[in-house]
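Below is one structure, written out as structure tokens; the observations come after it.
Hydrogens, waters and symmetry mates play no part in the numbers below; they use all other heavy atoms, side chains included.
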Amino acid sequence: MSLIDRRSVNAGLSLAGLMPMLKGSLMPESASAADLILVNGKFTTLDRANPAPQAVAITGNRFAAVGERAAIMALAGPDTRVIDCGGRRVIPGLCDNHIHVIRGGLNYTMELRWDGLTSLADAMAMLRAQVARTPAPQWVRVVGGFSEHQFAEKRLPTLDEINQAAPDTPVFILHLYDRALLNGAALRAVGYTKDTPNPPGGEIRRDAAGNPTGLLIASPNAAILYATLAKGPKLPFEYQLNSTRHFMRDLNRLGVTSVIDAGGGFQNYPDDYAVIEQLHADDQLTVRIAYNLFTQKAGEEKDDFLRWTSQNKYHQGDDYFRLNGAGEMLVFSAADFEDFRMPRPDMPANMEGDLEGVIRILAQNRWPWRLHATYDETITRALDVFEKVNRDLPLEGIHWFFDHAETVSAKSIDRIAALGGGIAFQHRMAYQGEYFVERYGARAAEATPPFKRVLEAGVKTSAGTDATRVASYDPWVSLSWLVTGRTLGGLGLYPQRNLLDRETALRMWTENTTWFSNEEGKKGRIAAGMLADLAVLDRDYFSVPGDEIRQITAVLTIVDGKPVYGADGFEGLAPPLPPAMPDWSPVNTYGGYNKNASDPATTALAKTAAASCGCASTCGVHGHDHAGAWGAALPVADLKSFWGALGCVCWAV
């Protein structure tokens, strides 16, 4: 990366003469100098009138001009920063249509991430190292974001393995929506004994004597998993501010610039929004957040939405932080759970009556809503309610939609189109596809979900993650899944007819998502007048092999015209973050999402070794690459003695 001196531009260039080269520009009559100019990039604007320009100018928080390099450079002034993108791919900033970033941020720095790891051995090495640095009474938590199928071993750790790794420190491991693994110390911390009854919809597995083993099963809903997790220690307010900033920074590292927050269980409004509101007030948000309000207590849903619609205005806020409506939980009786290891749950008979009461409140107040619905059986019944309300209170113009919709039928898709609704897909099948195939068969999985059919029907649709407790927050897992149809475990789910080309998949993550936050025409493309959000990628999304898409990260991310993340030569452009709090946070050792790098020094095992090093300085032979010493292939019987004779102290770890 290099900064170009604007004085290299021909001072005699006439702006008027260059206007034809400023495609789609919104230059004022007396054009001011650009604040930032990007050149030498492979720009993918997603603007069909100007798909591949040579340069981009940003003034304030908007794209000022997009066009040929000479014309854009004519907008440079003495204070303009010019960034050479080094021939890298540049795309509009990514927008996740469904994530739980507000809740996730409160705990992010307490969580150990197995997201992206390809080996259970590496995962357990990380766990053991984190146990060693975690002080009492804190827990070590792995809270979703991974699947056993992503590991070479194709399994979860056993309870014995977890107890051996952590005899005294509580360990909680959440796997998708189906189970949690607790060691003995965690069982003692939460107080589960042989006298603890199974809660509704959950199971505490027991040994022959009736004592809890440490395995909790969602049967079929995940309430027992989340209620148990909620018993763990919480971060103080100051630490939660720090934690949320680190979560947003890792999203920026992946090229994410906007999200739609779907609320969540144990996320009460307004109490649990104090952290994100403080960060907004302090101008420390680095991700745009449109947030939906999620009801918290069965039987009191109407009261929640009556109160919220009377006290709050839809879209209140600004371009960084604004209210986006209701959901994803509208009424508890309509919530089907997507644990594909369990049979599909039937919704109770009172679903329609409960849902109608809430939908009427929202329609009367012109509040959009999103509804969690995995199965077509649930969607069909919800549509009966929406159509009934629409006869009295027209829904036209209200941006309502279903979330997930893995098994939505062609008939339901047409009904959604007729009502003007949308479908927000997430990449849960990339994590759970093997379980779906095991229960329903490969043929049933071929259009689960049916992306192509929805696009062909003209239904508004977009893509996201449903992070952090089930799937991970990495958008590139989703983009790889949309393009290749493969799960994290490598299972091919979809025939070619249900796969998306790379541009369509990228639009699902950019301009398509803006309908779901009612921000069409404001962001999602690199075009003059739009909000200046973009990402410069470490490799070319349009040319790398499909399976390599998952390894993409950003090297530079810009939000609102300002760099918020930089790496690989762009580090100095974004302001640094303070270290993660508390000081024992896994983030300080491992960072966030684990990408598979070709450099062994960046693997999770190498990071674990370095973090666990017992020497006062780096090893004279291997530095901190202890994994290299441990895994060396040498014709000797005793690696420890061999390296020790050369002065290596890696084996003191």
Side-chain angles (χ1 to χ4, degrees), residues 96-111 141 143-145 172 174 177 180 218 221-237 239-248 251 259-280 285 287-301 303-305 307-309 311-312 316-317 321-332 334-335 337-338 358 362 367-372 403-404 424 426 464-473 517:
D96 192 328
N97 72 14
H98 184 128
I99 190 172
H100 301 274
V101 69
I102 296 174
R103 180 184 65 190
L106 302 181
N107 307 295
Y108 178 77
T109 58
M110 288 198 296
E111 296 174 358
R141 317 170 201 220
V143 184
F172 177 98
L174 177 67
Y177 270 156
N221 72 63
I224 185 176
L225 313 182
Y226 297 161
T228 304
L229 178 61
K231 295 176 182 288
K234 294 177 174 57
L235 291 173
F237 188 82
Y239 285 31
Q240 290 178 333
L241 293 169
N242 173 278
S243 178
T244 301
R245 291 184 67 190
H246 276 274
F247 189 14
M248 291 188 295
L251 288 167
V259 301
I260 306 178
D261 186 275
F266 299 91
Q267 185 179 332
N268 294 287
Y269 183 82
D271 299 357
D272 293 324
Y273 289 69
V275 167
I276 203 71
E277 288 176 347
Q278 185 65 56
L279 291 171
H280 178 234
L285 295 183
V287 172
R288 302 185 191 278
I289 301 173
Y291 60 96
N292 289 76
L293 298 184
F294 182 116
T295 190
Q296 293 294 316
K297 189 173 181 181
E300 298 182 10
E301 299 97 334
D303 294 337
D304 278 342
F305 291 112
R307 182 173 66 256
W308 291 336
T309 54
Q311 295 177 354
N312 302 276
Q316 68 185 29
F321 186 63
R322 65 173 58 194
L323 177 60
N324 196 52
E328 65 179 301
M329 180 75 80
L330 299 179
V331 294
F332 281 79
F337 294 92
E338 65 285 357
V358 168
L362 299 174
W367 266 43
W369 66 85
R370 61 192 311 160
L371 179 63
H372 167 112
D403 274 310
H404 317 311
Q426 292 80 40
T465 64
D466 198 10
T468 57
R469 292 182 174 178
V470 181
S472 184
Y473 53 86
S517 57

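- The two residues D403 and A424 come nearest to each other via the heavy atoms OD1-CB, 3.4 Å.
- Residues Q240 and L106 share a closest heavy-atom pair of CG-O, 3.6 Å.
- A distance of 4.5 Å separates CG of D466 from NE2 of H100, quoted to the nearest 0.5 Å.
- Annotation for S517 and A290: closest pair CB-CB, 4.1 Å, computed over non-hydrogen atoms.
- The shortest side-chain heavy-atom distance between L330 and L362 falls under the 4.5 Å cut-off.
- Looking at residues two or more places apart in sequence or on another chain, you find a side chain to side chain contact (heavy atoms under 4.5 Å, CB included) between A274 and F237.
- A donor-acceptor contact shorter than 3.5 Å is absent between the side chain of Q316 and the backbone of N324.
- One N or O on the side chain of Q296 and one on the backbone of F266 form a donor-acceptor pair closer than 3.5 Å.
- Taking CD1 of I260 as the start and CD1 of I99 as the end, the distance is 11.0 Å to the nearest 0.5 Å.
- With rounding to the nearest 0.5 Å, the separation of CD in E328 from CG in L293 is 12.5 Å.
- In this structure, the side chain of D96 does not engage the main chain of V259 through any donor-acceptor pair within 3.5 Å.
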Enumerate, atom names and distances included, each donor-acceptor pair closer than 3.5 Å involving a side-chain atom of residues 221-235, sequence neighbours excluded.
| residue | atom | partner | partner atom | Å |
| --- | --- | --- | --- | --- |
| N221 | OD1 | A223 | N | 2.9 |
| T228 | OG1 | Y192 | OH | 2.7 |
| T228 | OG1 | I224 | O | 2.7 |
| K234 | NZ | A230 | O | 3.0 |

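- Here the CD atom belonging to E277 is positioned 10.5 Å from the CG atom belonging to D272, to the nearest 0.5 angstrom.
- Using a 3.5 Å distance cut-off with no hydrogens or angles, the side chains of Q426 and N97 do pair a donor with an acceptor.
- Shortest non-hydrogen contact noted between N312 and W367 is O-CZ2, 3.7 Å.
- Looking at Q278, its side chain never comes within 3.5 Å of a backbone N or O of I276 through a donor-acceptor pair.
- Under the rule for a ring pair (Phe, Tyr, Trp, His ring centres under 6.0 Å), F294 has no partner lying at least two apart in sequence or in another chain.
- Residues T295 and E300 have side chains not in contact (no heavy-atom distance under 4.5 Å, counting atoms from C-beta outward).
- Taking CD1 of I289 as the reference point, atom CG of L323 lies at 13.0 Å (rounded to 0.5 Å).
- Considering all non-hydrogen atoms of both residues, S243 and G105 come closest at OG-O, 2.6 Å.
- Among residues two or more places apart in sequence or in another chain, the ring pair (Phe, Tyr, Trp, His ring centres under 6.0 Å) test is passed with Y273 by Y269, Y291.
- Applying the salt bridge (charged side-chain N to carboxylate O under 4.0 Å, His left out) definition to pairs two or more places apart or across chains, those involving residues 99-111 are E111-R113.
- To the nearest 0.5 Å, atom NE2 of residue H246 and atom OG1 of residue T109 are 7.5 Å apart.
- The ring pair (Phe, Tyr, Trp, His ring centres under 6.0 Å) check on H404 picks up H98, H372, with sequence neighbours excluded.
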Determine, stepwise, if the pair D304 / M329 fulfils side chain to side chain contact (heavy atoms under 4.5 Å, CB included).
CA-CA 11 Å; D304 278 342; M329 180 75 80; over 6 Å; no
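- Scanning both residues, A326 and F305, for their nearest heavy atoms gives CB-CE2, 3.4 Å.
- Residues F247 and T468 form a side-chain contact, since some pair of their non-hydrogen atoms from C-beta on lies under 4.5 Å apart.
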